[in-house]
2 protein chains.
Amino acid sequence: MTDIFKIKELASTPVRVLVYEYLNEHQKALSLKYIESDLYDLDRSSIFRTLKTFVDHKIVHTIHDGSGSVKYALCQEGCNCDPSDLHFHFYCTTCEATYCLLDLPVPSVSLPTGFVISQANMVLSGLCNNCNS
Amino acid sequence: MTDIFKIKELASTPVRVLVYEYLNEHQKALSLKYIESDLYDLDRSSIFRTLKTFVDHKIVHTIHDGSGSVKYALCQEGCNCDPSDLHFHFYCTTCEATYCLLDLPVPSVSLPTGFVISQANMVLSGLCNNCNS
DNA sequence: AAACCAATGCAATAAAGTTGCACCTAACTA
DNA sequence: TAGTTAGGTGCAACTTTATTGCATTGGTTT
Ligand SMILES: [Mn+2]
Ligand SMILES: [Mn+2]
Ligand SMILES: [Zn+2]
Ligand SMILES: [Zn+2]
């Protein structure tokens, strides 16, 4: 199940397992605050450092959606967090959910001379299907 | 010069003129902190509220580049801040500058059913031409 | 068993963003 | 013109989010 830690060469610990499973169950991009409120018996800084470790090991990617807090979502298998591995996101301004639009890859753009890209943060926002009455 | 305020139906005030001219001179996306440090005789909250007013009146747009602080940049003439009016941005992780890539418009994407887009925040990051030695 | 090292929890702190309130100023009214 | 009003501004306090220092824990290695 969570042999993801073997693959990513990372020690399996209680907090890491819980945070990983939590993200895996939800399949959405979640904020630290949100995760913390559900995994209330874990400490905030432990979750924070766990997420940071996950980012370093390319287990999760971050999304800056303008909501004021960083969102975290599990990477797809084989993701290297290069722009070509990444995708658009959608932030709903009503329910504040952030979705990974896995079907929408980041397009390759031609940058001005001398610019070298290493990351991408693509966020569309508006109303999601649940909130669009 | 700054008849922009007439166009946007907004009172011309000392702080607004200074902030507008400052953004206009720099032609980059700047953070509140950065602006504040240069316009040091102005109060932070006055600049903050001015920027907020500018956003409301579509004089500036915001960029969430993952740097930890919101960046503000002047809109192009006729901009309505719809996704179709907006463009990609580039954040340099070395000099922390954020550029408006005016030549790169936001592509129109086909969203899942029920999703309605109203905003876009497209940020590529890496090294800019100055920092790419 | 002792030493070791990373992970964790707790508490403090930093950084960014935001707000309440008093004062000022410039436009409007009488 | 003098009085009134509304919005703009500055100051200070505060909220929220992110981050760090440090002591403790717990499993692994000698
Ligand atoms: Mn995603
Ligand atoms: Mn821009
Ligand atoms: Zn929604
Ligand atoms: Zn640079």
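Computed from a predicted structure; not experimentally measured. A note on names: the letters A, B, ... follow the listed sequences, proteins ahead of strands, and every chain is numbered from 1.
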**Message:** Quick one about B:T98 and B:K71 (side-chain donor to acceptor, distance below 3.5 Å, no hydrogens or angles considered), yes or no?
**Reply:**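 Present: a donor and an acceptor within the cut-off.
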**Item:** A:F90 vs B:F115 side-chain heavy atoms within contact, under 4.5 Å
**Value:**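 A:F90 vs B:F115: side chains touch.
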**Request:** Taking only the side-chain heavy atoms of A:F48 (C-beta and beyond), determine which of D:dT9, D:dA18, D:dT17 contains the nearest atom.
**Result:**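 Comparing D:dT9, D:dA18, D:dT17 against the side chain of A:F48, the answer is D:dA18.
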**Asked** How long is the span from the OG1 atom in A:T13 to the OH atom in A:Y20, to the nearest 0.5 Å?
**Response**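 Going from the OG1 atom of A:T13 to the OH atom of A:Y20 covers 14.0 Å.
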**Message:** Nearest 0.5 angstrom please: A:L74 CG to A:C100 SG, how far?
**Reply:**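 The distance works out to 8.5 Å.
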So what does [X] hit on the nucleic acid, given a heavy-atom distance under 4.0 Å: a base, only sugar-phosphate, or nothing?
X: A:S46; value: base
X: A:S69; value: sugar-phosphate
X: B:R16; value: sugar-phosphate

Write down the protein N/O and nucleotide N/O pairs, taken from nucleotides 21-29 of chain D, whose separation is under 3.5 Å; answer none if there are no such pairs.
{"unit_1": "D:dG21", "atom_1": "O6", "unit_2": "A:R49", "atom_2": "NH2", "d": "2.9"}

**Request:** Enumerate the residue pairs fulfilling side chain to side chain donor-acceptor pair (under 3.5 Å) with a member in residues 106-125 of chain A, sequence neighbours excluded, ordered by first and then second residue.
**Result:**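 Output for this query is empty, none listed.
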**side chain to side chain donor-acceptor pair (under 3.5 Å): pairs with one or both residues in residues 77-88 of chain B, sequence neighbours excluded** =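 Listed by first then second residue: B:K58-B:N80, B:H61-B:H87, B:N80-B:D82, B:H87-B:H89.
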**Asked** 5'-most contact on DNA chain D: B:D43 or B:L10, nearest heavy atom basis?
**Response** B:L10
**Asked** Of A:R44 and A:D41, whose closest DNA chain C nucleotide lies nearer the 5' terminus?
**Response**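 Going by which nucleotide is closer to the 5' end, it is A:D41.
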